[in-house]
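So the structure is just underneath, and the comments pick up after that.
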Amino acid sequence: MLKDKKIILAVTGSIAAYKTPQLVRTLVKAGAHVKVIVTNDALQFVTTLSLATVSKNDVVTDLVKSDGQWQNHVSWGLWADALLIAPATANTIAKMANGICDNFLLATYLSARCPVFVAPAMDVDMYKHQSTQQNIAVLKARGTYILGPDDGELASGLHGFGRMLDEDSLTKALGLFFINNKKLCGLNIVITAGPTREAIDPVRYISNHSTGKMGVALADAAFNMGAEVTLILGKGALPINNKHYKVVYVDTAAQMLETSLLNFEKANVFIMAAAVADYKPAAPSNQKIKKKNADLNLLMEPTTDVLATLGKQKKNQTLVGFALETDNELENAKSKLKRKNLDFIVLNSMRDNGAGFATDTNKVTIIDTKGTILSLELKPKSDVAFDILNTITQSFSATN
Ligand code: CTP
């Protein structure tokens with residue numbers, strides 16, 4: 001999976017550093033050329049000799065060599081196809097987030113142009129601490145890939161998130177990155193996500209439980225696979241910290257329709273993951289509706305179905321819809337695929353644990369117009385996103 005990829009493994013001072021010779025071996029077995037940076041603190045847990053032996057390369061710690069010569073962090077940074085910092089301590093993560101550059105690793109990090117992967121390893125409360133979480137969020141927003149940590153028993157005896165991902169998972173994550181990377185280069189992908197909100201009066205609205213997580217995962221994955229991405233995001237979705245692709249915020253189903261139509265022509269792929277309201281109050285009040293001692297009847301009228309409208313206008317676009325069902329799942333999804341003139345429909349069932357709104361995982365079934373049904377297991381939404389995009393890509397190569 002990593003044939004001829006040049007990888008810098010940077011080891012920092014967490015107890016998990018003792019596992020890194022095995023990590024080097026796994027990366028090398030997967031075909032990678034590995035060079036290792038080890039910080040002074042990490043040398044308490046692992047030796048230069050063991051890392052040099054398994055990587056068959058020199059291992060560097062300091063900015064100045066023992067003969068007084070400069071250790072060239074710039075050429076290290078430019079050499080690498082990927083920089084993997086594993087284990088990454090809270091301290092190193094904090095320094096990376098703040099641009100601090102007081103060792104060879106951090107100088108190489110600032111010089112590197114390649115993708116950066118960080119595998120945090122620390123005790124559970126250090127990981128959960130607001131400052132660590134904020135620093136991780138800063139790195140994520142800059143496009144750094146955060147791998148793990150895992151849940152389990154920690155060196156302190158406490159249980160929780162903080163374990164470094166094992167060597168197979170780290171190697172697989174890097175492998176998948178290189179397989180998927182740039183696969184969608186040259187494609188314009190538009191994704192809708194999150195809920196819409198329909199005003200009842202100036203202070204109240206009707207909406208749904210969508211957080212936008214699945215659509216945002218799709219936008220992130222499409223960007224990472226090289227596509228030009230536009231995300232049309234309902235204002236009620238969870239906040240996102242993105243600097244890489246265009247985000248257009250919308251509120252109502254009508255705005256979702258208008259923005260989708262504006263972006264449809266340029267799209268090669270249009271994925272409608274938003275939870276669009278089917279009905280809206282027919283006559284929203286201009287003033288706050290006052291409480292009265294009587295029932296309140298709201299007359300609702302249908303909104304326009306965005307996806308069906310796009311389906312009617314479709315030329316060369318690949319149009320993908322979602323279906324969230326509670327019963328007769330396959331039948332309902334197939335009928336929506338046909339009715340809305342889609343190329344694929346991604347089915348979620350509310351009956352599956354860990355699937356649906358607000359979760360970090362999803363369990364989906366992808367159905368195409370030929371009747372092919374691909375049922376995927378429960379996995380993180382980020383992985384589901386890659387699977388959906390890969391399925392679409394495969395259909396492209398099958399038709400070309
Ligand atoms: N959709 C849309 N515009 C709407 C309603 C839904 O574009 N006004 C899209 C959704 O984004 C989703 C697909 O249609 O991609 C299916 O949505 P879903 O709510 O499952 O189905 P509906 O068509 O609304 O039918 P029902 O609510 O009866 O299941």
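Because the structure is a prediction, the values reported are computed rather than measured. Heavy-atom basis, side chains included; hydrogens, waters and symmetry copies ignored. As the structure lists them, so they are numbered: ligands from 1, and atoms in each ligand from 1.
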Run the numbers for me: atoms of ligand 1, each under 4.0 Å from some heavy atom of [X], listed by number.
{"X": "Leu324", "result": "20 (O)"}
{"X": "Gly321", "result": "15 (O)"}
{"X": "Thr303", "result": "8 (N)"}
{"X": "Ala277", "result": "8 (N)"}

Close side-chain approach of Tyr205 and Asp251, heavy atoms under 4.5 Å: no
Beyond-backbone contact of Met256 with Thr192, side-chain heavy atoms, under 4.5 angstrom: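 Side-chain contact under 4.5 Å: yes.
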NZ/NE/NH1/NH2 to OD/OE distance under 4.0 Å, Lys29 and Glu167: no
How far is [atom] from its nearest protein heavy atom, and which residue and atom name does that atom have?
{"atom": "atom 2 (C) of ligand 1", "result": "Asp305 OD1, 3.4 Å"}
{"atom": "atom 14 (O) of ligand 1", "result": "Lys340 NZ, 2.9 Å"}
{"atom": "atom 5 (C) of ligand 1", "result": "Asp278 OD1, 3.2 Å"}
{"atom": "atom 8 (N) of ligand 1", "result": "Thr304 O, 3.3 Å"}
{"atom": "atom 11 (O) of ligand 1", "result": "Ala274 O, 2.7 Å"}
{"atom": "atom 16 (C) of ligand 1", "result": "Phe322 O, 2.9 Å"}
{"atom": "atom 4 (C) of ligand 1", "result": "Val276 CB, 3.6 Å"}

Any nitrogen or oxygen of [X] lying under 3.5 Å from a nitrogen or oxygen in ligand 1? Just yes or no.
{"X": "Lys336", "result": "yes"}
{"X": "Val306", "result": "yes"}
{"X": "Leu307", "result": "yes"}
{"X": "Met272", "result": "yes"}

Residues clustered with Val124, ILVMFWY side-chain links under 4.5 angstrom: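 Under the 4.5 Å side-chain rule, Val124 groups with Leu154, Leu158.
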Leu389: which of Leu218, Leu187, Val384 passes side-chain contact (heavy atoms from CB on, under 4.5 Å):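 Going through Leu218, Leu187, Val384 one by one, the side-chain contact (heavy atoms from CB on, under 4.5 Å) with Leu389 is satisfied by Leu218 alone.
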Treating [X] as the side-chain partner and [Y] as the backbone partner, does any N or O pair qualify as donor plus acceptor under 3.5 Å?
{"X": "Ser207", "Y": "Thr196", "value": "yes"}
{"X": "Asp201", "Y": "Ile289", "value": "yes"}
{"X": "Arg113", "Y": "Gly77", "value": "no"}

In one Ile/Leu/Val/Met/Phe/Trp/Tyr side-chain cluster, 4.5 Å: Phe386, Val346: yes
Atom of Leu110, atom of Cys101 and distance for their closest heavy-atom approach: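 What the structure gives for the nearest pair is CD1-CB, 3.8 Å.
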Verify atom 19 (O) of ligand 1: protein non-hydrogen atom under 4.0 angstrom away: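 Under 4.0 Å from atom 19 (O) of ligand 1, zero protein heavy atoms found.
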Would you say [X] contacts ligand 1, with heavy atoms under 4.0 Å as the rule?
{"X": "Ala273", "answer": "no"}
{"X": "Val320", "answer": "no"}
{"X": "Ala323", "answer": "yes"}

Validation row, ring centre Tyr18 to ring centre Phe45 under 6.0 Å: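 Between Phe45 and Tyr18, which both carry aromatic rings, the centre distance is not below 6.0 Å.
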Residue portion contacting ligand 1 (non-hydrogen atoms closer than 4.0 Å) for Ala308: neither
Can you give each donor-acceptor pair under 3.5 Å made by side-chain atoms of residues 299-322, sequence neighbours left out, with the distance rounded to 0.1 Å?
residue : atom : partner : partner atom : Å
Thr303  : OG1  : Ala277  : O            : 2.6
Thr303  : OG1  : Asp278  : O            : 3.3
Asp305  : OD1  : Leu307  : N            : 3.1
Asp305  : OD1  : Ala308  : N            : 2.9
Asp305  : OD1  : Lys340  : NZ           : 3.4
Asp305  : OD2  : Lys340  : NZ           : 2.6
Thr309  : OG1  : Asp305  : O            : 2.6
Lys314  : NZ   : Asn341  : O            : 2.9
Lys314  : NZ   : Asp343  : OD1          : 3.3
Lys314  : NZ   : Asp343  : OD2          : 3.0
Gln317  : OE1  : Lys315  : N            : 2.8
Gln317  : NE2  : Phe264  : O            : 3.0

